[in-house]
A.B. asks: 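Pasting in a structure now, in structure tokens, and then I'll have a few things to ask.
In what follows, every chain begins at residue 1, and chains take the letters A, B, ... in the order their sequences are listed.
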2 protein chains.
Amino acid sequence: MRLLDVARLARVSTMTVSRALRHPEQVAVSTLRAVQVAIAQLGYLPDSAASALATGRSRIVAAIVPTLMNSVYASTVHGLASVLRRAGYELMLGDSGYHAPTEAALVRSFLGRRVDALVLTGVEHDNATRELLARREVPVVEIWDLTTKPIDTVVGFSNVAAGREVGRYFQAHGRSRWAFVGTSPERESRSGKRLLGLREAARQAGLDAPLTAFVTDGMSPAAGHAAVLDLLRLQPVPDALFCANDALATAALRAAADRGLSVPRHIAVLGFGDFDVAAHTSPALSTVRIPGRVIGERAAKALLARLEGSGAGDRRIDVGFEIVVRESA
Amino acid sequence: MRLLDVARLARVSTMTVSRALRHPEQVAVSTLRAVQVAIAQLGYLPDSAASALATGRSRIVAAIVPTLMNSVYASTVHGLASVLRRAGYELMLGDSGYHAPTEAALVRSFLGRRVDALVLTGVEHDNATRELLARREVPVVEIWDLTTKPIDTVVGFSNVAAGREVGRYFQAHGRSRWAFVGTSPERESRSGKRLLGLREAARQAGLDAPLTAFVTDGMSPAAGHAAVLDLLRLQPVPDALFCANDALATAALRAAADRGLSVPRHIAVLGFGDFDVAAHTSPALSTVRIPGRVIGERAAKALLARLEGSGAGDRRIDVGFEIVVRESA
DNA sequence: TTGTAAGCGTTATCAC
DNA sequence: GTGATAACGCTTACAA
């Protein structure tokens, strides 16, 4: 079932069919109609591999997120996919498992697929990744963090600033013994940057550096529960806990209860991400809300501008964040 | 940067380079080495669009899930992607928003991309979808439900049986006034089938039909909280509540607390999905665990068998489910 | 407004 | 073991 079949049935050339599909305004109305009838009759679907080969554009965008296993990046992927699809692009998705070599392997595979653009999560990348990217001219958007030196364009928020704001919030509410659960900043992770911000706020407030509990095997509630339990064994017991995501925070709520601590009276718990369960735990979780979907949409629009339009546009888009105050802090 | 560039540098023909990549065993070792050097030197990456055109296989598999917005299908997508990638396939993802026409549009778009296979969630599909599929010979795997008449292959579990088992569990624990929150069975949804199973169990136990609260705008905790609050206003108050997913169940826990009801003493709450927060709510959530990742892996393997191997293999794979007893029921 | 011809980068086929 | 040639289905450029 190819262009030629349609062309024969409609008694025109393949070019006319191609035009009827791509630039209908350039085709006489009667011809257009005949072609459309033929297409419907045959159930013809254009072969985008052939189209990609002929035009040099695949109309595929690839995105790499750290994990598909929880909902953190789900709304971002959704935002990306829906804006792109409306513009006729498909999304190819990969998860790096927070693992740089895997990211590089994915980038390589996607470049081989001749994707028209790439979305990468975070601003820290392998040398392998950077080299791969440097050799070709693929638009790249980095998301979920901010930097002054993006590969190309970055859409996100400052993880450091988020941590700092959380610290200021704790301070404003009279908390003085802060703690943090998440991943360590050595990994240059986004979670680690939040701790950096918290530490900075502690220093500015003249408080001791926050206690820390690092989880290594993913930021799941299971890992968080044990880590928080350990943290709460320390003396003096912290009176404010910042969790690098809401899954961790949910587990922290439970861990506090297990230790006989009342939230927020004995200890304030503040999450990150505003997962959909956050509003419905008891106590309801105070958290940092990130406009994940907006990140996806803005990233998609930035790409489309590069792909279809002029090529200009902001190189650095800060979507911000917001502390959502509920009951736990 | 194409095959020809590599060929020139290695002083061989393009075919030899192609073979060195695809069938290295057919190439003399010395030639192979020369080619590899040239490839590395140029940073050459094969163009898979051209390859797809020449071979008629894209090495892309498309999957359509109802939503990317929560983590329900995340582990399935992860399982799919990882098995497929190991075999050299990429995943193209779409979300239908639980909307049949959207599913059809996605199928159409994916078929145009000449995907080698399709994964669809659920076993109920549009006529448009079915027709599209009938015209070509693309392997299709349906997931997350079971039917005796799959389009091709189905990998999942019986949603009706899951609902029935939950009912039996309630009965075994002396609960007599059952209730359900989720979507209505008229939509032939998987959530609705769970209610069908619960109703069947109620009938068999000689109990009244379960009270129901249907959510329409997605199965989010926000929708669940209001629905459950309404449900608990009824007299007599139900003593067992089955929620169509754990997000709903988390909200139900909170709603019960809001109404002064103790869980599980006054009312048992049983979720569905074993989301990662389930083990860490208070009370910890009893739930139905679905091996989501296994569904993805088995689906991928079924596809690979069809694509690479003989073509035989089971047409119906039941991965089962399991009631995980924690504190809430 | 429509058609012709060439070519996109790869691989199947067949010859050497 | 290696190479020449002809597709694969589409679109660009140009001609009519």
A.B. asks: What contact category does B/Arg19 fall into here, base, sugar-phosphate, or nothing, at under 4.0 angstrom with non-hydrogen atoms?
C.D. replies: base

A.B. asks: Minimum heavy-atom separation for A/Val107 and A/Ile64, please, with both atom names.
C.D. replies: CG2-CD1, 3.7 Å

A.B. asks: Just one of B/Leu3, B/Leu9, B/Asp5 clears the side-chain contact (heavy atoms from CB on, under 4.5 Å) bar with B/Tyr44, so which one?
C.D. replies: B/Leu3

A.B. asks: Heavy atoms from C-beta onward define the side chain here; which of D/dT11, D/dG1, C/dT11 lies closest to that of B/Ala28?
C.D. replies: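 Of all the options, the side chain of B/Ala28 is nearest to D/dG1.
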
A.B. asks: Do the side chains of A/Arg135 and B/Met1 get nearer than 4.5 Å, heavy atoms only?
C.D. replies: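 No, side chains not in contact.
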
A.B. asks: Taking 4.0 Å as the cut-off, does a side-chain nitrogen or oxygen of B/Ser51 come that near to OP1 or OP2 on C/dT11?
C.D. replies: yes

A.B. asks: Just how far, in rounded Å, is P of D/dG9 from CZ of B/Arg57?
C.D. replies: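 Roughly 15 Å, once rounded to whole Å.
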
A.B. asks: Measure from CZ on A/Arg8 to P on C/dG3 and round the result to the nearest Å.
C.D. replies: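 After rounding, the gap between these two atoms is 14 Å.
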
A.B. asks: Pick from A/Thr76, A/Val319, A/Val154: which one makes a side-chain contact (heavy atoms from CB on, under 4.5 Å) with A/Trp144?
C.D. replies: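 Single pass found, and it is A/Thr76.
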
A.B. asks: Side-chain N or O of A/Ser18 versus OP1/OP2 of D/dC10: is the shortest distance under 4.0 Å?
C.D. replies: no

A.B. asks: Name every residue in residues 31-49 of chain A that has at least one heavy atom under 4.0 Å from any atom of DNA chain D, in order of residue number, or write none if there are no such residues.
C.D. replies: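 The answer is A/Tyr44, A/Pro46, A/Asp47.
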
A.B. asks: Without decimals, in angstroms, what is the distance between A/Arg114 CZ and C/dC8 C1'?
C.D. replies: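 Value for this atom pair: 12 Å.
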
A.B. asks: Can you tell me the distance, in whole Å, between the NE2 atom of B/His23 and the C1' atom of C/dT11?
C.D. replies: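 In whole Å, C/dT11 C1' and B/His23 NE2 are 9 Å from each other.
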
A.B. asks: Under 4.0 Å from OP1 or OP2 of D/dG3: is there any side-chain N or O of B/Ser13 that close?
C.D. replies: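 Yes, within the criterion.
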
A.B. asks: Measure from the side-chain heavy atoms of A/Met15 and tell me the nearest of C/dT4, D/dT5, C/dC8.
C.D. replies: C/dT4

A.B. asks: Heavy-atom nearest nucleotide on DNA chain D for B/Glu25 versus B/Thr55: which residue maps closer to 5'?
C.D. replies: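 Nearer the 5' end of the strand: B/Glu25.
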
A.B. asks: Rounded to whole angstrom units, what separation is found between the CZ atom of B/Arg22 and the P atom of C/dT10?
C.D. replies: 9 Å

A.B. asks: Below 4.0 angstrom from OP1 or OP2 of D/dC10, is there any side-chain N or O of A/Arg2?
C.D. replies: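 For D/dC10, neither OP1 nor OP2 has a side-chain N or O of A/Arg2 closer than 4.0 Å.
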
A.B. asks: Checking side chain to side chain contact (heavy atoms under 4.5 Å, CB included) for the pair B/Tyr89/B/Val83: CA distance, chi angles, key distance, verdict?
C.D. replies: CA-CA 9 Å; B/Tyr89 289 79; B/Val83 172; over 6 Å; no

A.B. asks: Starting from P on C/dT10, measure out to CG on B/Leu4 and report it in whole angstrom.
C.D. replies: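 Taking atom P of C/dT10 as the reference, CG of B/Leu4 is at 9 Å.
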
A.B. asks: With salt bridge (charged side-chain N to carboxylate O under 4.0 Å, His left out) as the test, pick out the partner of A/Glu124 among A/Lys193, A/Lys149, A/Arg130.
C.D. replies: A/Lys193

A.B. asks: Between B/Val27 and B/Ala50, which is nearer to the 5' end of DNA chain D once each is assigned its nearest nucleotide?
C.D. replies: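 Counting from the 5' end, the first nearest nucleotide belongs to B/Val27.
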
A.B. asks: What's the CZ-C1' distance between A/Arg113 and C/dG9, to the nearest Å?
C.D. replies: 15 Å

A.B. asks: In this structure, how many angstroms lie between the P atom of C/dG7 and the CG atom of A/Leu53, rounded?
C.D. replies: 14 Å

A.B. asks: Tell me whether the OP1 or OP2 atom of C/dT2 has a side-chain N or O from A/Thr16 closer than 4.0 Å.
C.D. replies: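 Negative; the distance criterion is not met.
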
A.B. asks: Quiz question: by atom type and distance under 3.5 Å, do the side chains of B/Ser109 and A/Glu90 form a donor-acceptor pair?
C.D. replies: yes

A.B. asks: Report the residue from B/Leu303, B/Val140, B/Val77 that forms a side-chain contact (heavy atoms from CB on, under 4.5 Å) with B/Val119.
C.D. replies: B/Leu303

